[in-house]
Amino acid sequence: QVQLIESGGGLVQTGGSLRLSCAASGRAFGSLAMGWFRQAPGEERQFVAAISGRGRSTDYADGVKGRFTISRDNAKNSVYLQMNSLKPEDTAVYYCAADWSFGSRRTYSYWGQGTQVTVSS
């Protein structure tokens with residue numbers, strides 16, 4: 001079983017930055033692909049970014065490429081999402097997710113509880 005706890009959300013102005021963190025339990029963190037998803041009110045949850053177990057491969061949704069960066073520190077069992085040039089449309093609950101395979105934007109086995117990101121205009 002893998003438990004995920006997100007942190008780092010908050011309120012920021014348009015153009016600002018936030019860094020989300022996700023701490024994972026368990027000893028097999030380096031074998032897990034990690035992802036970030038987000039869900040705005042009234043909308044479906046959508047893929048944001050993902051990173052492979054060793055960090056050699058990443059994947060980004062088109063709307064965040066060049067603004068968001070996903071990274072991980074396997075020694076700390078943590079994954080991060082650096083969000084720059086934030087826009088009001090980035091406002092959502094952001095979820096950390098984990099799975100044993102990398103490549104799918106939909107199928108993740110483990111989910112965190114989410115952290116709210118609000119971008120004011």
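Computed from a predicted model, the values in this text were never measured in an experiment.
Distance check: Gln82 CD to Leu20 CG gives 9.0 Å after rounding to the nearest 0.5 Å. One distance of note links CZ of Phe47 with CH2 of Trp36; it measures 13.0 Å at 0.5 Å rounding. Rounding to the nearest 0.5 Å gives a distance of 9.5 Å between NZ of Lys65 and OG1 of Thr58. Between Leu18 atom CG and Asn84 atom CG the span is 9.5 Å, to the nearest 0.5 Å. Residue Met34 holds its CE atom at 8.5 Å from OH of Tyr108, rounded to the nearest 0.5 Å.
Annotation: side chain of Leu4 is not in contact with side chain of Tyr95 (no heavy-atom distance under 4.5 Å). Trp100 has its side chain within reach of Leu32: a pair of non-hydrogen atoms, C-beta onward, lies under 4.5 Å apart. Inter-residue side-chain proximity for Pro88 and Ser121 is flagged as met; some heavy-atom pair is nearer than 4.5 Å. Two residues are said to be in side-chain contact when any heavy atoms from C-beta on lie closer than 4.5 Å; Arg105 and Phe37 fail this criterion.
In this structure, Tyr94 and Phe68 have tilted ring planes: the angle between them lies in the 30° to 60° band.
The two residues Ala49 and Leu81 have their closest heavy-atom pair at CB-CD1, 4.2 Å. Nearest heavy atoms, Ser109 versus Asp99: OG-OD1, 2.5 Å. Shown here for Val12 and Gly16, the closest heavy-atom pair between the two residues is CG2-CA, 3.8 Å.
No chain of hydrophobic side-chain contacts below 4.5 Å, direct or via other Ile, Leu, Val, Met, Phe, Trp or Tyr residues, connects Phe102 to Val64. No continuous path of ILVMFWY side-chain contacts below 4.5 Å connects Val2 to Tyr80, so the two sit in separate hydrophobic clusters. No chain of hydrophobic side-chain contacts below 4.5 Å, direct or via other Ile, Leu, Val, Met, Phe, Trp or Tyr residues, connects Ile70 to Val93.
The cationic atom of Arg72 (NZ for Lys, CZ for Arg) lies less than 6.0 Å from the six-membered ring centre of Phe29 and within 45° of the ring axis.
In this structure, the side chain of Asn77 does not engage the main chain of Ala23 through any donor-acceptor pair within 3.5 Å. Formation of a donor-acceptor pair under 3.5 Å by the Ser85 side chain with backbone atoms of Arg67 is not found in this model. Between the side chain of Gln46 and the backbone N or O of Arg38 there is no donor-acceptor pair closer than 3.5 Å. Proximity of a side-chain donor or acceptor of Thr91 to a complementary backbone N or O of Val119 within less than 3.5 Å is detected.
One finds no salt bridge joining Lys87 and Asp90 here, because no Lys/Arg side-chain nitrogen approaches an Asp/Glu carboxylate oxygen to under 4.0 Å.
Residue pairs meeting the disulfide bond (SG atoms under 2.5 Å apart) criterion with at least one member in residues 11-115, sequence neighbours excluded: Cys22-Cys96.
For Gln39, the CD atom counts as densely surrounded, since its 6.0 Å shell holds more than 12 non-hydrogen atoms of other residues, nucleotides or ligands. Atom CD1 of Ile5 is surrounded by 12 or fewer heavy atoms from other residues, nucleotides or ligands within 6.0 Å. More than 12 heavy-atom neighbours from other residues, nucleotides or ligands sit within 6.0 angstrom of CD on Gln116.
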